[in-house]
Amino acid sequence: MRVVEVNRQLVSKQALRVCRCSVLGLLSVGLTSCSGILAPIGPVGAGNAEILIDATVVMLVIVIPTIIVAFWVAWHYRASNAAAEYLPYWSYSGRIEAVVWSIPILTIMFIGGLIWIGSYRLDPFRPLPSRDPTLEVEVVSLDWKWLFIYPEQGIATVNQLVMPVGTPVHFSITSASVFNVFFIPRLGSMIYAMPGMVSELHLQADRAAQIAGLSAQFSGDGFSDMDFEVRSVPDAEFGAWVDGVRGTGPTLDQAAYSELLKQSHRVPPSSYRAADRGLFHAIATQQIPPGPGPQPEGPGHAGREVSTGGSD
Amino acid sequence: MTETGLPASVEAIRRVREDPHRLGHRAHGPAEIIAGAGHGMTGPASKRIIVGYGFWIYLLSDIVVFSCFFAAFAVQRGATAGGPTMDQIIEVPRVAMQTAVLLVSSYTCMLSFAATNARSRLWTQVFLAATGILGLVFILLELQEFAELAARGITPQRSGMLTSFFGLVGLHGLHVSAGLLWLGTMMAQILVKGFRPEIVHRLICFNLFWHALDIVWIGIFTIVYLMGAG
Amino acid sequence: MFGKLDLSAVPLSEPIPLITSAVVILVALGVLVLITVRGWWPYLWHDWITSVDHKRIGIMYCLLGVLMLIRGFADAIMMRTQQAVAINAEGYLTPEHYNQIFTAHGTIMILFGAMPLVLGFMNFLVPLQLGVRDVAFPTFNSVGFWLTASGALLINISLLIGEFARTGWLPYPPLSETAYSPGVGVDYYLWAVQISGIGTLITGINIVTTVLKMRCPGMSYLRMPVFTWTALASCLLIVAVFPVLTATLAMLTLDRYVGWHYFTNTAGGNPMMFVNLIWAWGHPEVYILILPAFGIFSEIFSTFSGKPLFGYRSMVAATLFICVVSLLVWLHHFFTMGAGAAVNTFFGISSSIIAVGTGVKIYNWIFTMYGGRVRFEVPMLWSMGFIFTFIIGGLTGVLLAIPPADFVTHNSLFLVAHFHNVIIGGVVFAIFAGAEFWFPKAFGFRLYAGWGKVAFWCAFIGFWVTFTPLYILGLEGMTRRLQHINVPEWGPWLYVSVVGVAILIVGVVAQVVQLVVSIRDRELLRDVTGDPWDGRSLEWATPSPPPFFNFAVMPNVEGEEAYWGIKLRAIETQQLAPEPKYAPIEMPVHSPVGVYTAFFATVFGFAMIWHIWWLAIVALVAAFAGFVVFAWRDVHEFEVPAEEVARAERARRASREALLRKLSEEGALP
Amino acid sequence: MSNLASDEELPTGVLDNREDHSPGDEPLEDAGHWVRHANLGLTLSILLTAGAFFLAGSNIIYGPAVPIALIVLAIAQMGVHLVFFLHITTGPDNTNNVLALAFGILVVFLIVIGSIWIMDHLMQNMMPTRMEDMMQMQP
Ligand code: HEO
Ligand code: HEM
Ligand SMILES: [Cu+2]
């Protein structure tokens, strides 16, 4: 995405939001708050939402008349309507067949183009254009919490992500146990977190906000609480926050990490004053073995897993 | 609406003249009823063909099972997890031996069916027995290979690559073993019952099965062994 | 001796599964006692359990499907109520329990509810529509059905003994590997699905062979009814992709049982490969369900419009097009896994291309009604409900097929709403429509329309009230499979959804009442002619219910819409075709091999799940022995004497002649 | 008529009485014909197999092309098996068999090639070793 385009999107944001709300309103036939993926606060999310809405509108243009015609035809040719002609043998018309095939084909040609361009433009691996330097964040999904390592700052957090406004963030994502999906709805695109793999995602927040992130792939009993808080803050505040974190809390060394590896529910946000630089790499390449999963069950539960410890 | 529940037909018949061509309802000329091959005009095919064809469809689906194991092997070839690599576990001479044995067994299998068609019980049994013995040799060679690998600590539990290797080769071996069981049963049936139609139909199927296993083996020795050794 | 199994496998501390299973067991016992007291066993055994008649097997498939739909629906009610009460709270279901419920719901609904129903329809209808007497392999047909029943039984056993998987209906590793799911839940899943999958494969092979090799004289490909075409396409997909399921599950089984590394997250295992393979099956699977549904609607639209299907050839082409293209779209279920833009583009475009084939069908149905005499009988109501619902569901499907849009909707409730929209609006509506439509054919009397209409409206409104909120919640960022909700703002929509479920419950009740009322009034609703809807394909040429040999004489087809042609000729000439010469008919003998195999398959599965190795071996040997005994039998067929054939056929002719007389008495004829 | 008398008599119709044929079955010929057929098939297979094993162990052709040659030989040999052992031909009596085979090959092809393509891209994009390289490149 070129810078100009990003700007254009920023300018048209207001208009876009009106459009969004109306489509959403259409869907919900009622009042609804404009939040979620149709109220993005970053360029990626804006791209996602715009494509979603454009495609919806284009298809509705075909689909609504289709539905109306279907019901009109059914009603008009009802058996009790003696006024309607009856053509008991009419079952073929080359011209209609041609139209019937072309309407969907043409629609899909447009959608196909959208898919093509959109897939490349919004490829999660593709860096965002920006004059500001990119912030690196390493993300590890654990049972059942998220670990964020800021390699450049040398700090780490659990279940909280703080990022500066207007700065692209490059996430390198892996998992230390099972699959999860890293997703911050209002920033846009999600991507899988997988053991032994490093997926990448580029996101950016355009204004200061406090929003939520979550796992979008079921990962076990603690999954429902695998959400984390996301704060986008002005640059200065970010610096202050980093300094604050550096000044407090424990360090993330092997021992602390192996504590994290154990399964636990509802882990409150916390932070580490210092994090091992090579830790993420060691996790991703599985030099540190992945989390152990549920601990051996107590007696008397043949074949059944019961709540697997952890703080709740 | 009439009371008879045939509103459309009655109305249609009234207006049949509106469509003298009966578009889409033209009869394709009176055809006499002929039982035959199921190609549309002739009615259901004979049992022999139905059975053979059904089994053919089954075989295609079985090949799809194999294709998944092939795909897994292709994907996990490099996943040695620090363990042995492909070229360290392959012994080409034995594979050549196995291939030869299986190929000849395919040949004898086909001869057995030629004998069946010539209604020779003796030769059918002889060639089936030959097929079985060759199949057994194949299995023994494979077991020997697996045992030797295991003795060197090379087991499927060692790495993803070995898992997919043993999985693919073992699946084929399992099929051959099942084929042997089937073959034994068939020989007993011929002995007891002779060439009844249903037994001949089963022999057709067995023939198909055995040849299909040979085709799969061609894929295995090429992709796993020959290409792995290189 | 009993592997991992001991008394503690029964979840004594959890009242819900315990009470449910107690009730189920009591009801089952009650039914068994009733059967015994009434002395129905011989009838059940000879005419149903060991039957190899495709119609009986079809009906049993449907019965199984309906039972499982109800079970799945009960799960759905629990999930919806749990989510409504668990807002910033724990709700009444623990995660362990809730996670089993959605897994069981998905698995049961798709593999043991919808699949058996669809297979049941195919079994019942394909030979009738082709004008033949049975499927290609009647005995294997029975094996196939009973294996599916065996899988369903295993899943339901898990309610009481042990637990079910807690992984989602497609058990992604590493979560489903032993390290993260040490219990027996995943093993139940694996064996239940594996066994029933093999049953499905057998049925698929059977129907492909039937359609390709066993048509009555004159039934060329382009004269086959569209339902049969869709059955063929669906079964081709079964034959193509169920082996993929078999292979994938076998690999996961090897990982779990002998410590191999196909999909583990260590030692070179590759969990992404599972995702890849399972969707290579999973995506075509949903088209296996929807294609026959399209077939059902095609028959209904044309019958109730009193017109041939518009664009028959287009319809066939679109069916085959969907069949083939559906084999190359599977990646759209994991766009967000990171395969990159090129791959996503390819699979995104191929997915949306499916909409072309589907769109053609929709338009052809509309033009079928055009110029017709549309009768709004209950099947037609379902069909109109389908058009509306499915188009919207398809639209959201295409949205999901756009990778950048999927990047924010994947695994959200938007997705959940999409697939319920197409599955309920497509498959389930088709099943209800088809049930109304062919019920008289199967049982000899019609269903009472009044309650049918109530059921339809409840289902239609209930569906939209239940699932529209989920679309909205998905757009709000709510993800699927949440046991409790931490965002109170979502609450109102979840309550609305519960209201929808309540309406659906009323619909289900109405459906049951309809059945009861219809059985009570069956004499009033009796279908004496065998052609209650003024039908067009060959199944309506037989009496209702058809004799076990279907056709006294194989019809000789001379054009499209075989029965329509025969019927019009009869009306035109005011007489039936001349009476044929009756000949004896060979029919396959009944055989217990199906239940026998399935019994040992169940035992085998159960033994494997609980690591009772000796029992597993015993079961395998017993199953093999059974097959050998079966292979040894001498009598495969019995002869129906010509007189019996003649008697049945003359009764049929008499009723048709009466109908013709009535027509001319009414003066309806030109 | 070499087929068994006990099998039901095939009817004569408008088409050739053997207009349909199932794979693996031997169409109407005398036994000698099929033995010759089998001999030919065996000979061809032996040649192709020997060729494959020979090529794999030698450097007679350009090394990197050896796998290609092996695959071509394998395909040829599968063809030989289909024709000589399974009696799949292009005749009209075989249309359905060939169609089924084509469908099967299509499915196998889609699954194998599709999986390899997808998995390749996934690994390319996300193997952590790739990161390792990048880290080494950094100053
Ligand atoms: C019967 C079942 C069924 C059917 C028929 C469909 C139909 C379609 N589905 Fe859906 N699906 C089904 C069942 C599922 N789908 C899923 C998930 C799913 C996902 C993955 C989303 C994700 O995980 O992130 C995508 C991309 C699609 C796409 C589509 C498309 C493009 C169609 C098309 O076939 C729709 C075509 C129909 C249309 C378009 C309407 C009619 C056309 C007209 C009127 C012509 C004019 C219109 C246009 C040209 C647009 N589906 C899942 C989730 C599984 C899970 O994750 O657990 C299930 C179960
Ligand atoms: C009758 C009304 C139905 C209701 C109210 C209902 C409700 C639900 C709910 C609440 C979920 C869980 C959503 C979540 O993950 O948050 C779900 C999942 C699912 N449903 Fe349904 N459902 C219904 C019918 C069906 C039918 C008929 C089918 C298929 C034939 C089906 C297939 C599925 C599948 C495959 C899942 C996914 C399971 C998983 O996450 O692993 N449902 N349904
Ligand atoms: Cu799909």
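Below, chain A is the first sequence line, B the second, and so on; all start at residue 1. In what follows, every heavy atom counts, from backbone to side chain, and hydrogens, waters and symmetry copies are set aside.
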Is there side-chain contact between [X] and [Y], with heavy atoms separated by less than 4.5 Å?
{"X": "C:Leu395", "Y": "A:Ile62", "value": "no"}
{"X": "C:Pro174", "Y": "A:Phe179", "value": "yes"}
{"X": "A:Ile103", "Y": "C:Tyr363", "value": "yes"}
{"X": "A:Phe218", "Y": "C:Arg480", "value": "no"}
{"X": "A:Glu97", "Y": "C:Arg313", "value": "no"}
{"X": "A:Ile115", "Y": "C:Pro403", "value": "yes"}
{"X": "A:Leu52", "Y": "C:Leu475", "value": "yes"}
{"X": "A:Val44", "Y": "C:Phe407", "value": "no"}

Part of [X] within contact of chain A (heavy atom distance under 4.5 Å):
{"X": "C:Ile362", "answer": "side chain"}
{"X": "C:Val487", "answer": "neither"}
{"X": "C:Tyr172", "answer": "side chain"}
{"X": "C:Ile485", "answer": "neither"}
{"X": "C:Thr479", "answer": "side chain"}
{"X": "C:Phe164", "answer": "neither"}
{"X": "C:Ser305", "answer": "backbone"}
{"X": "C:Ile387", "answer": "side chain"}
{"X": "C:Pro173", "answer": "backbone"}
{"X": "C:Met478", "answer": "neither"}

When rounded to the nearest 0.5 angstrom, what distance separates [atom1] in [X] from [atom2] in [Y]?
{"X": "A:Ile191", "Y": "C:Phe335", "atom1": "CD1", "atom2": "CZ", "result": "13.5 Å"}
{"X": "A:Trp116", "Y": "C:Ile349", "atom1": "CH2", "atom2": "CD1", "result": "6.5 Å"}
{"X": "C:Phe310", "Y": "A:Ile96", "atom1": "CZ", "atom2": "CD1", "result": "4.5 Å"}

| remark: Residues of residues 264-271 of chain C with a heavy atom under 4.5 Å from any heavy atom of chain A, in residue-number order, are C:Asn265, C:Thr266, C:Pro271
| Those residues that, when tested against C:Ala165, pass side chain to side chain contact (heavy atoms under 4.5 Å, CB included) (two or more places apart) | C:Thr103, C:Thr167, C:Val186, C:Tyr189
| request: Could you tell me which residues satisfy side chain to side chain contact (heavy atoms under 4.5 Å, CB included) with C:Ala86, sequence neighbours excluded, listed by chain and number? | output: C:Gln82, C:His484
At a 4.5 Å cut-off on heavy atoms, which part of [X] comes close to chain C: side chain, backbone, both, or neither?
{"X": "A:Asn48", "result": "both"}
{"X": "A:Leu214", "result": "side chain"}
{"X": "A:Met190", "result": "both"}
{"X": "A:Thr66", "result": "both"}

| said: With chain A as the partner, which of C:Ala405, C:Gly311, C:Ser176 has the greatest number of non-hydrogen pairs under 4.5 Å? | reply: C:Gly311
| request: Pick whichever of C:Val360, C:Val398, C:Ile366, C:Thr396 has the most heavy-atom pairs under 4.5 Å with chain A. | output: C:Val360
| With sequence neighbours left out, what residues match C:His410 under side-chain hydrogen bond (donor to acceptor under 3.5 Å, both in side chains)? | A:Tyr192
| field | Most contacts with chain C, counted as non-hydrogen pairs under 4.5 angstrom, among A:Ser177, A:Pro289, A:Gly196 | value | A:Ser177
| query | Based on non-hydrogen pairs under 4.5 Å, which of A:Pro292, A:Pro195, A:Gly113, A:Ser80 is most in contact with chain C? | reply | A:Pro195
| message | Ring-plane angle category for C:Phe376 and A:Trp75, please: parallel below 30°, perpendicular beyond 60°, tilted otherwise. | response | tilted
| task | State whether the side chain of C:Lys307 and the backbone N or O of A:Trp90 hold a donor-acceptor pair below 3.5 Å, judged by distance alone. | result | yes
Give me the atom names and distance for the closest heavy-atom approach of [X] to [Y].
{"X": "A:Ser224", "Y": "C:Asn486", "answer": "O-ND2, 3.7 Å"}
{"X": "A:Leu122", "Y": "C:Pro404", "answer": "CD1-CB, 3.6 Å"}
{"X": "A:Asp221", "Y": "C:Pro95", "answer": "O-CB, 3.5 Å"}

